[in-house]
Amino acid sequence: MKILQDILYKVRLDAVQGSTQVAVRNLHFDSRKVGLDDVFIAIRGVGADGHLFIEKAVNAGAIAIICEEFPTILVNGVTYVKVSDSAEALAWMASNYYDQPSTKLKLVGITGTNGKTTVASLCYQLFQKAGYVCGLLSTVKVMVGNETFPATHTTPDPIAINHYLNEMVQAGVTYCFMEVSSHGIQQNRITGLDFDGAVFTNLTHDHLDYHKTFAAYRDVKKSFFDGLPKNAFALTNIDDKNGGVMVQNSRAKIKSYALKSFADYRGQILESQLSGLLLKINEQEVWVKLIGQFNAYNLLAIYGIAIELGMTDLEALRYLSEIESVSGRFQYVISPNKITAIVDYAHTPDALQNVIDTINDLRTKNESFITIVGCGGDRDKVKRPEMAAIAANGSTQVILTSDNPRTEDPMQILKEMEAGVPPQHFKKVVSNVDREQAIKMACQMAKPYDIILIAGKGHENYQEINGVKYPFDDMEIVKKYLNQ
């Protein structure tokens, strides 16, 4: 049991009604989970306002309520704490409740539109190979040492983050690598965390349904670097036009990486094949198992992180050469009759362009290149025609299909994608709303040595339709039809 006063350390308090010397069992921002002697934090969310559930939480046994405005009726024996920002308060309280676990290990956050999962996951893999006990907080999964937990958000809520960080501390974790999303930053999910380093990968069109403007999206990312302490490092992709902007007000030690510009960690692609890349990093050559220019950037970031965390050049290069691709990130399979199928998470215009460019760089141009792509429902609509145009411009055949339609009509999503197809490419683009049938169609169309790209869902093992997640794995399905 913790004392409420201790959990409120660093929380900006506007008013307190009742005693803060009460013992607290658990913290919750979901009133349905509240039990005897728990604290309920009332948060104004996108879908619901937690203040409407204060009475329910009190009836369930809450010992304290954290809120932005007091309810009209204050119940005796319950402590009410008024704050200006409940989400920010929750983050500090979660950190305090778990005894500030982020201060007890080296925490590195990776942000940007594309590459977060790859950089975080491969850093985890590299440092594990180097003999360290590591942690990972990613879109794909959460790792505490060798123990795996399912991931629910790119950046989990503060209670979950601090719970996992505390588990990591108990398990002897030295380094934790964490994806940091723009939503997570804006919603104060990372407030109160002690970062030892932060990485910026790139910034392209995404999440404008949430942030409304590109400038707002950029500035949210930038605020992560603005808040870093002086003893942390800030590693930025200086080839990206926003790379300098990200770190211009940061107090941290600023480092850069690039393929095209002068940088602290400079890379050059010497060879590119389906089996890997030959890279030159700071004048030393290394063969890696990942492919594509976008992965060259990811590998430079990983190398930079390793050096900033104290690894030697030779150690970093050695382990860089051993790491394997992340699930659903340019993951490929070759059928018995030599058809190559590639599954990739590319769900933004920039990511799709990068993957298509990479495939075209590797092609002989004698084979067909079939792209299957969809766009998610209840998300940024502006990118739908753009995604279809990129697929049509870069492929010999395109099948537009469903991604995760969520609560939207998948046929309407397809119509919005079709609007972006240039007239000269009409004949090579077809639509099939059933994603499995679209994959089957591509496998039937493909001849030996052809290439199939299935973009958008990557590692996801479900398809979300009207609030229900149905089992669906692009890689498993394409293997089934290729083997037929």
Side-chain angles (χ1 to χ4, degrees), residues 114 269 272-275 277 290-295 325 328-375 383-403 410 413-458 474-475 477-484:
N114 302 310
I269 299 173
S272 181
Q273 301 172 19
L274 196 57
S275 57
L277 290 170
L290 280 71
I291 69 171
Q293 180 178 276
F294 60 97
N295 269 324
S325 179
R329 268 63 177 180
F330 216 96
Q331 192 177 5
Y332 69 92
V333 61
I334 301 174
S335 74
N337 62 341
K338 307 298 182 189
I339 296 168
T340 300
I342 297 161
V343 171
D344 194 272
Y345 188 53
H347 64 288
T348 66
D350 184 67
L352 183 63
Q353 187 72 65
N354 283 338
V355 172
I356 286 175
D357 287 349
T358 297
I359 292 168
N360 280 321
D361 286 345
L362 296 169
R363 285 177 61 206
T364 65
K365 306 299 188 286
N366 294 318
E367 66 286 271
S368 290
F369 172 20
I370 306 164
T371 294
I372 302 166
V373 65
C375 287
K383 67 185 180 185
R384 292 173 185 175
E386 195 179 341
M387 296 278 282
I390 289 166
N393 286 327
S395 317
T396 50
Q397 294 282 321
V398 177
I399 304 172
L400 302 179
T401 189
S402 290
D403 189 286
I413 297 173
L414 285 181
K415 283 181 184 174
E416 291 173 23
M417 292 187 75
E418 288 165 357
V421 178
Q424 68 269 30
H425 295 319
F426 282 169
K427 286 185 178 178
K428 66 178 180 183
V429 179
V430 297
S431 295
N432 191 324
V433 74
D434 185 315
R435 192 174 181 92
E436 180 164 353
Q437 289 304 309
I439 295 171
K440 181 181 179 181
M441 184 188 296
C443 292
Q444 290 171 339
M445 288 163 61
K447 298 180 181 66
Y449 301 101
D450 286 353
I451 297 170
I452 300 168
L453 168 65
I454 308 167
K457 286 173 57 58
D474 282 348
M475 182 55 81
I477 287 168
V478 76
K479 281 179 182 176
K480 179 173 85 172
Y481 290 114
L482 283 179
N483 288 333
Q484 286 179 5

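We number each residue from 1, following the sequence as shown.
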Chemist: Side chains of H425 and V398: does their closest heavy-atom pair fall under 4.5 Å?
Modeler: no
Chemist: Do K428 and T396 come close enough that some side-chain heavy atom pair is under 4.5 Å?
Modeler: no
Chemist: Looking at side-chain heavy atoms only, is the closest gap between V430 and M445 below 4.5 Å?
Modeler: no
Chemist: Hey, are the side chains of R435 and I454 touching, using non-hydrogen atoms and a 4.5 Å cut-off?
Modeler: yes
Chemist: Please list, chain by chain and in numerical order, all residues satisfying side-chain contact (heavy atoms from CB on, under 4.5 Å) with P385, sequence neighbours excluded.
Modeler: none
Chemist: Cut-off 3.5 Å, side chains only: do S335 and N337 have a donor facing an acceptor?
Modeler: yes
Chemist: I need the minimum non-hydrogen distance between F330 and S325, along with the two atoms involved.
Modeler: O-OG, 4.3 Å
Chemist: Less than 4.0 Å between a side-chain N and a carboxylate O, is that true for K440 and D434?
Modeler: no
Chemist: CE/M441 to CG/N432 distance, rounded to the nearest 0.5 angstrom?
Modeler: 4.0 Å
Chemist: Taking all atoms of both residues into account, what is the closest heavy-atom pair of V433 and P410, and its distance?
Modeler: CG2-CB, 3.5 Å
Chemist: Measure the CD1-OG distance between I291 and S275 for me, rounded to the nearest 0.5 Å.
Modeler: 8.5 Å
Chemist: Closest approach of A341 and L482, non-hydrogen atoms and distance?
Modeler: CB-CD1, 3.8 Å
Chemist: Could you grab the distance from atom CG of D344 to atom CZ of R329, nearest 0.5 Å is fine?
Modeler: 7.5 Å
Chemist: Quick check: does any side chain N or O of N295 sit under 3.5 Å from a backbone N or O of G292, one acting as donor and the other as acceptor?
Modeler: no
Chemist: Do the non-hydrogen side-chain atoms of Y449 and N366 ever get within less than 4.5 Å of each other?
Modeler: no
Chemist: For atom NZ of K365, is the number of surrounding heavy atoms from other residues, nucleotides or ligands below 6.0 Å larger than 12?
Modeler: yes
Chemist: Any side-chain donor paired with an acceptor under 3.5 Å for Y481 and Q444?
Modeler: no
Chemist: Does any part of the side chain of T371, heavy atoms only, come nearer than 4.5 Å to the side chain of V355, both counted from C-beta?
Modeler: no
Chemist: Any chance you could lay out the side chain to side chain contact (heavy atoms under 4.5 Å, CB included) test for I413 and S402, step after step, and finish with the verdict?
Modeler: CA-CA 8 Å; I413 297 173; S402 290; over 6 Å; no
Chemist: Do E367 and K338 sit within salt-bridge range, that is, some charged N less than 4.0 Å from a carboxylate O?
Modeler: no
Chemist: Can you give me the closest heavy-atom contact between E436 and I477, atom names plus distance?
Modeler: CG-CG2, 3.9 Å
Chemist: Pair D361, S272 - check side chain to side chain donor-acceptor pair (under 3.5 Å), show working.
Modeler: CA-CA 8 Å; D361 286 345; S272 181; over 6 Å; no
Chemist: Using 0.5 Å steps for rounding, measure from the CD atom of Q293 to the CG atom of L277.
Modeler: 10.0 Å
Chemist: When rounded to the nearest 0.5 angstrom, what is the spacing between CD1 in I342 and CE in M475?
Modeler: 9.0 Å
Chemist: Quick one: closest heavy-atom pair of S431 and E418, and the distance?
Modeler: OG-OE2, 2.6 Å
Chemist: Where is the tightest heavy-atom contact between A442 and I370, given as atom of each residue plus distance?
Modeler: O-CD1, 3.8 Å
Chemist: NZ of K415: more than 12 outside heavy atoms within 6.0 angstrom?
Modeler: no
Chemist: Looking only at atom types and distance, does a side-chain atom of Q331 sit under 3.5 Å from a main-chain N or O of G328, one as donor and one as acceptor?
Modeler: yes
Chemist: List the steps and the verdict of side chain to side chain contact (heavy atoms under 4.5 Å, CB included) for I356 and N393.
Modeler: CA-CA 10 Å; I356 286 175; N393 286 327; over 6 Å; no
Chemist: Side chains of N114 and D350 only: does a donor on one sit below 3.5 Å from an acceptor on the other?
Modeler: yes
Chemist: Nearest 0.5 angstrom please: S395 OG to I452 CD1, how far?
Modeler: 12.0 Å
